[in-house]
Amino acid sequence: MIRLIATDVDGTLVKDSSREVYEEYIDGIKRLTDMGIYFAVASGRQYGSIRRMFDRAERELIYIAENGAHIIMNGKTVSMTKMDRGYVEEIMTDLRGYYKEGCHVVASTSKGCLIESKDKDFIHLISEEYRNDVRLTEDILGEKEDIIKLAIYRKGGIRSIGEAVLIPKWKERVKTCMAGEEWVDFMDFSVDKGNALMTVQKKLGIGREETMAFGDNNNDMGLILAAGESYAVENAVMELKEKAKHICRSYEEKGVYQVLKSLWEK
C-alpha cells in the first residue's frame, strides 16, 4: 500500500520554469492527502517557488527543495545543508567566466536567492516565472549568508557545458548535476533528493516499499532509487529510465496524473 508519494516538478509534472501545475493535479493531491497519503514535492527549485505552486491544494505538503538541501515538513525546516564556503568561492569564480557565454548564476540561501546578473529577462524568469524570493546584489560573495546551492543557467540549454566541463571538473568535490536542460546545480556532497526522501520516510515511519516517486532528470536518480514504486516520465533521460521500475507518459500527456488517478480509482 502506497503511503508516501514524492515527485519532481520541472520536466516531470510541467514544462521547465512553469508558474503553475494544472488544476487536475491539484485536485488529485487533495484526493490523495484526504485518503491519508503523504505528498512530497521534490525539486531543484527553492522552497518559496514550489510552495507557491502548490498553495492551491490547501493541504500541508512536504517540501524537498534545492535538490534535498532544504527539507520542510509541517511548515518548518527539519534539515538544511549549507555548502563549504571555500567551495562556494571557487565555484563562483569559475562560473563567472561563463557570463560572456550568456550564462547566469543563482545562489540559494534559506531566505531565498541572490542574483548578481543585471539581465532583465533573467531576473524576470527567476522572480516572476519561477516566483523565487529574489535579492539582487553586486557581489554574491560579498553577502554573508550561508549558501545551500549554486546554479548556473543558460537559455536554450547548458548540457554541453555542464556534462562536458562543469560536472567532470567539480564532481569530486561537490554534488553537481544537470537539473533540466538549462541548469547545472552545485551542492554539498551529502545533498540528494534520495537522501532527503529517506529522511522523510524515517520521520514518518514509512518504508521504501510504501513509497512512490516520479522524475525525469539526473538529479532525480536518488529519488527514484529510494522508492519501491518508481516512475520515469517518457521524456526522461535514458539513465533514469533504466533505473526506474516503470515508465509513464510525458508531462505533456499528464503522465504522473494518470498514474496517481489509478490510486483513487481502485
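What you see is a predicted model; the values in this text were computed from it and never measured.
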task: Answer with yes or no whether the hydrophobic clustering places Tyr87 together with Met187; edges join I, L, V, M, F, W, Y residues whose side-chain heavy atoms lie under 4.5 Å apart.
output: no
- prompt: Can you hop from Tyr63 to Ile26 via hydrophobic side chains spaced under 4.5 Å?
  reply: yes
query: Is the side chain of Ser230 donor-acceptor paired with the backbone N or O of Ala213 at a distance under 3.5 Å, no angle test?
result: no
task: Group every Ile, Leu, Val, Met, Phe, Trp and Tyr by side-chain heavy-atom contacts under 4.5 Å, then state whether Tyr38 and Ile71 land in the same group.
output: yes
field: Plane angle bin for Tyr257 and Tyr22 - parallel if under 30°, tilted between 30 and 60°, otherwise perpendicular
entry: perpendicular
message: Please check if the number of heavy atoms outside Lys241 that lie under 6.0 Å from its NZ is greater than 12.
response: yes
task: Return yes if some donor-acceptor pair links the side-chain N/O of Glu182 with the main-chain N/O of Gly156 below 3.5 Å, else return no.
output: yes
query: Got a salt bridge between Arg135 and Glu143, using NZ or NE/NH1/NH2 to carboxylate O under 4.0 Å?
result: yes
message: Quick check on the hydrophobic clustering: are Leu204 and Phe39 connected, directly or via other members, by side-chain heavy-atom contacts under 4.5 Å?
response: no
task: Report yes if the side chains of Val41 and Phe54 come closer than 4.5 Å at any heavy-atom pair, otherwise no.
output: yes
query: Looking at Ala40 and Leu4, what are the two nearest heavy atoms and their distance?
result: CB-CD1, 4.4 Å
Glu138, CD atom: more than 12 neighbouring heavy atoms under 6.0 Å: no
message: Looking only at side-chain N and O atoms, does Asp188 offer a donor or acceptor that is under 3.5 Å from a partner on Ser190?
response: yes
- request: Verify, without hydrogens or angle tests, whether Asn235 (side chain) and Gly11 (backbone) share a donor-acceptor contact under 3.5 angstrom.
  value: yes
field: Lys254 side chain vs Tyr251 backbone, donor-acceptor pair below 3.5 Å
entry: no
task: Side-chain contact test, heavy atoms from C-beta onward, threshold under 4.5 Å: evaluate it for Leu125 versus Lys155 and give yes or no.
output: no
message: Taking the side chain as everything from C-beta on, heavy atoms only, tell me whether Ile115 gets closer than 4.5 Å to His104.
response: no
message: Is it true that Thr211 and Glu229 share a donor-acceptor pair across their side chains at a distance under 3.5 Å?
response: no
Distance (rounded to the nearest 0.5 Å) between Cys177 SG and Asn218 CG: 7.0 Å
- line: Scanning both residues in full, the closest heavy-atom pair of Ala196 with Gly68 reads CB-CA, 3.8 Å
statement: So CE of Met83 and CZ of Arg173: to nearest 0.5 Å the spacing works out to 10.5 Å
- prompt: Would a distance-only check, ignoring hydrogens and angles, find a side-chain to backbone donor-acceptor pair under 3.5 Å from Ser18 to Val14?
  reply: no
task: Look at the side chain of Asp84 and the backbone N and O of Gly86, then say whether any donor-acceptor pair between them is shorter than 3.5 Å.
output: yes
Inter-residue atom distance Glu253.CD - Ser250.OG, 0.5 Å rounding: 4.5 Å
message: Assess whether a salt bridge exists between Glu145 and Lys111, defined as any Lys/Arg side-chain N lying under 4.0 Å from an Asp/Glu carboxylate O.
response: no
- request: Run the salt-bridge test on Asp16 and Arg45 with the 4.0 Å N-O cut-off and return the result as yes or no.
  value: no
message: A side-chain contact here means heavy atoms from C-beta on lying under 4.5 Å apart; do Ile72 and His70 qualify?
response: yes
field: Stepwise side chain to side chain contact (heavy atoms under 4.5 Å, CB included) test for Leu61 and Thr33
entry: CA-CA 9 Å; Leu61 306 184; Thr33 52; 4.2 Å; yes
query: Does Arg31 offer a backbone N or O that forms a donor-acceptor pair with the side chain of Asp34 under 3.5 Å?
result: no
Cluster check Ile247, Val237: I/L/V/M/F/W/Y, side chain < 4.5 angstrom: no
message: Looking at Asn195, is its backbone amide N or carbonyl O close enough to the side chain of Thr199 to form a donor-acceptor pair, meaning the two atoms are under 3.5 Å apart?
response: yes
Ile152 CD1 to Leu95 CG distance, which is reported to the nearest 0.5 Å: 4.5 Å
statement: Of Lys15, Arg52, Arg131, the one forming a salt bridge (charged side-chain N to carboxylate O under 4.0 Å, His left out) with Glu20 is Arg131
- request: Could you walk me through whether Val184 and Met178 pass the side chain to side chain contact (heavy atoms under 4.5 Å, CB included) test, one step at a time?
  value: CA-CA 5 Å; Val184 182; Met178 296 296 304; 3.8 Å; yes
message: With a 4.0 Å cut-off on N to O distance, would you call Asp185 and Lys175 a salt bridge?
response: no
message: Heavy-atom count check: over 12 atoms from other residues, nucleotides or ligands less than 6.0 Å from Lys30 NZ?
response: yes
- prompt: Nearest heavy-atom pair of Cys248 and Val259: which atoms, and what distance?
  reply: CB-CG2, 3.7 Å
message: Check this for me: does any side-chain nitrogen of one of Asp8 and Lys193 sit under 4.0 Å from a carboxylate oxygen of the other?
response: yes
task: Using the six-membered ring wherever Trp is involved, compare the ring planes of Phe122 and Trp183 and label them parallel, tilted or perpendicular (cut-offs 30° and 60°).
output: tilted
query: side-chain hydrogen bond (donor to acceptor under 3.5 Å, both in side chains) with Ser108: which of Glu66, Lys149, Gln46?
result: Glu66
task: Look at Glu90 together with Arg85 and state whether they make a salt bridge at an N to O cut-off of under 4.0 Å.
output: no
- prompt: Does Ile126 reach the side chain of Cys113, with side-chain heavy atoms less than 4.5 Å apart?
  reply: yes
- request: Check step by step if salt bridge (charged side-chain N to carboxylate O under 4.0 Å, His left out) holds for Arg96 and Asp139.
  value: CA-CA 11 Å; Arg96 283 169 172 163; Asp139 178 12; 2.8 Å; yes
Lys/Arg-Asp/Glu bridge criterion (N-O < 4.0 Å) met for Lys261, Glu24: no
query: Among Thr176, Ile167, Val88, whose side chain to side chain contact (heavy atoms under 4.5 Å, CB included) with Phe186 holds?
result: Thr176
Atom pair CD1/CD1 of Ile158 and Ile161 - distance to nearest 0.5 Å: 5.0 Å
field: Least distance between heavy atoms, Leu223 atom then Ala42 atom
entry: CD1-CB, 3.9 Å
query: How far apart are the closest heavy atoms of Ser43 and Asp10, and which atoms are they?
result: OG-OD2, 4.3 Å
Tyr231/Phe214 aromatic ring centres below 6.0 Å: yes
message: Do Val165 and Tyr98 have side chains that approach each other closer than 4.5 Å (heavy atoms only, starting at C-beta)?
response: yes
message: In the structure I gave you, are the side-chain heavy atoms of Val106 and Leu150 within less than 4.5 Å of one another anywhere?
response: no
field: Gap separating the CD1 atom of Ile50 from the CD1 atom of Ile64, nearest 0.5 angstrom
entry: 8.5 Å
query: Is the side chain of Asn74 donor-acceptor paired with the backbone N or O of Lys76 at a distance under 3.5 Å, no angle test?
result: no
query: Please walk me through it: do Lys169 and Asp94 pass salt bridge (charged side-chain N to carboxylate O under 4.0 Å, His left out)?
result: CA-CA 10 Å; Lys169 181 175 183 178; Asp94 187 11; 3.2 Å; yes
- prompt: Can you tell if the side chain of Met53 reaches within under 4.5 Å of the side chain of Val9, non-hydrogen atoms only?
  reply: yes
message: Looking at every heavy atom in both Ile37 and Ile2, which two are closest together, and how far apart are they?
response: CG1-O, 3.6 Å
query: In this structure, are over 12 heavy atoms from other groups packed under 6.0 Å from Arg56 atom CZ?
result: yes
